[in-house]
Amino acid sequence: MDLKFGTNNIIFIEESCFLADEFNQFLISLFKKLDGRNLTICVDQNIDKTIDNYKLTLNDRDAYTIEGFIDIFEHLEIIQKIDTRGYLDFNDLGNIIRNNKLLNVLILTQKESVYKSFKKLELDSENLALARFNKELIEWITYPKVGNDAFFIEKDIYINKVDIDNIDYVFSPKYGHLKLDKRIHFKGGEGILYKTYNNQLCKLYYDEHQTYVNYKKIEQMLEIDINNPFINWPKDYLFYKNDFVGYLMDEIKGASSLDVLRINMFEGYNIFDLYVLSYNLLLNIDYLHNKNILVGDLKLDNILVKSPVEVYLIDCGSYQIKDFSCDVCHPEYTKKVYTSEELKKKLRTIEDEYYPINKIIFELLIGKNPNYNRDLGEVDIENKNNFTFPLDLSQIKTYTRDLVLWIGLSERMREFFYYYFKENKITYLSEWLNELEVYIENAKAKKRNGER
Amino acid sequence: MNTNNDFNFDLFGDYKLPDLDSSLKLPLCLVLDQSGSMAERTRSSNGSIVKIDELNSNVEKLINYIKHDPKASKICDLCIIAFGGRVQVVTNYNRVDQIRPFKLVAGGSTPLGEAVGLAIDLLNKRRQYYRDNGIEHYKPLMLLMSDGEPTDRYDTSARICSEKVSGKELKIYPVGIGNNYREDILKEFSPYVNPKRITDMAGFMKLFELLSRSTSNPTDDSIDKWFNEDI
């Protein structure tokens, strides 16, 4: 990527660039190319806090690397700290660029979310470049945001339909014949769950879900290595007289559905527990995302909890893997409501998953639906941008319970929620996890010191 | 903890609000006809049923479903108003485990207008209670069932009800039982959803099964789809 330099130059560096391999060599060569021309290095206003947070979470290497760069820029007197609201709002930097057409600007970020936030400013400048760094500069490019096609067949002639109400046994290639305990069952959207031997559950699909696509999907799932005890991954296929009927999974005993916990107002959990629970839930979702798996139908009922550190993701047979879509959708947990037919043919994007992630974490930490209309008292699921919690805390006149909990969030968490629900700006899981970890460690330290 | 404000709250304290069993509610109101004609049989190709008996049996099943469903039992706030000769509040908004057993007895005229008017008054009061206590709620649901023509002035109630529905404050499901109900009048209460006619046991069962499903999953739209099926 070729860079243009003028008399006055600005480079905005998002903090994770400092941690990239060979970034220091890149800066040295850049300074040489600039050859005495004016340069300002812009960084986020809260970068010192970020360094402290790295130290707090014992990431000393990263902390001192970033600190080293900042010290050099300060020594050279070329640094300017800019308020970006935690990399979610670039209006301050945007105004500097708009007001000086002769300025040459390079925005360096490793994060797609930062790139997207910056693109939203729609700055019309020929002297502006956006890049990420991977041993060299790579220009950020906008790809059209369309979900890819899913594996789908119009006419399913490969699977014989089985009436699951009238069967007592199923066959698992790994575990042999399994008797279904028909006294207790749980009905879901795609099928029925029956208990069987050794703390295992059989999920038997209804007619319409006994499909070749689902058979191939379970086949793919069984080939993926999931080494996370909190993800209740399918263990084997299930057949009845050679016909595919569902899959086998472990039963999670002694756990409560997060949905039931939520309507019982998280009885037995204190606020700190809910931060720990949120952190552990996000860790598990992040584990899946790192394997390119999307939960798809992510909602409170598909999460079981034994304790704040034992948070299980269940109903994994519907997850989106490779080109197999998740064709289930709950209108309350989806920004754009799709029909089941649409979802059979199109894959969700990772961005789609961030609506339920934000909604669930918000409900855990604030105890209210993000679409809660404080004036009407109603959950307004038809208007998902109607977010009424303010960033400016001085606007709060009455300290209701939900607003007290809102104030209790860290400033960055409030920004994460606000910018997501109001402006669709995503904070990715890595940043969420980092922020929650810092919050939890701080709270523990305060408790040790006897503070509230 | 956030250091940018001096608001102090107990991070390690109890989360639960005092005197509330759930922070989330679904207000559901059944406005049910128990006029004299409900004691009659209605006939269809699937046989005949005594309307009031079928209604009693299905309302009981709905209450049992809500009672035993872990989510519905917590969130559903049920109100039942019956009209036959006079308007009777069988139960004001309440958790189903607080509702005492009852049986609707058919008799008298059909004061549908007064019944809906009362239902809206009680709903307004309930919503105010939610607001005062910081309880969030789903859009209120009203099931309006009648087998005949109103015998009172219903136009004001119909207009107010229709305005509430148009203003997205209420969802109404109008149901005509048998063959002698006034579809045009029920329609005046419901600007979006057309009245559904039920004439047999299967119709009653389907209606109450879908309504039960809505009490545990208020955003499930199966009941809306069923009402729109014949259109």
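Residue numbering restarts at 1 for every chain, and letters A, B, ... go by the order of the sequence lines.
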Using non-hydrogen atoms only, which part of [X] is less than 4.5 Å away from chain A: side chain, backbone, both, or neither?
X         : value
Pro140(B) : side chain
Tyr138(B) : both
Asp221(B) : neither

ask   = Can you say whether Arg412(A) sits under 4.5 Å from chain B via the side chain, the backbone, both, or neither, judging by heavy atoms?
value = neither
key: Asn369(A), part contacting chain B, at a heavy-atom distance under 4.5 Å   =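 Both parts, backbone and side chain.
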Atom [atom1] of [X] with >12 non-hydrogen neighbours under 6.0 angstrom:
X        : atom1 : value
Lys55(A) : NZ    : yes
Lys81(A) : NZ    : yes
Glu60(B) : CD    : no

request  = Give, for atom CG of Asp259(A) and atom CD1 of Ile75(B), the distance between the pair rounded to the nearest 0.5 Å.
outcome  =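 Reported value, rounded in 0.5 Å steps: 8.0 Å.
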inquiry  = Nearest 0.5 Å, please: how far is CG in Asp220(B) from CD in Glu332(A)?
reply    =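 Glu332(A) atom CD to Asp220(B) atom CG measures 11.5 Å (nearest 0.5 Å).
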message = Tell me which one of Arg131(B), Lys139(B), Lys25(B) satisfies salt bridge (Lys or Arg N to Asp or Glu O under 4.0 Å) with Glu378(A).
response =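 It is Lys139(B); the other options fail the test.
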note = Heaviest contributor of heavy-atom pairs below 4.5 Å to chain A, chosen from Lys71(B), Gln128(B), Lys168(B), is Lys71(B)
task = Grab the two heavy atoms, one from Ile263(A) and one from Pro70(B), that are nearest each other, plus how far apart they are.
result = CD1-O, 3.8 Å
message = Please give me the minimum heavy-atom distance between Val379(A) and Glu136(B), naming the atom from each residue.
response =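 Minimum heavy-atom contact is CG2-OE1, 3.5 Å.
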key: His330(A) vs Asn217(B), side chain to side chain donor-acceptor pair (under 3.5 Å): CA-CA, chis, key distance, verdict   = CA-CA 10 Å; His330(A) 190 295; Asn217(B) 185 2; 3.1 Å; yes
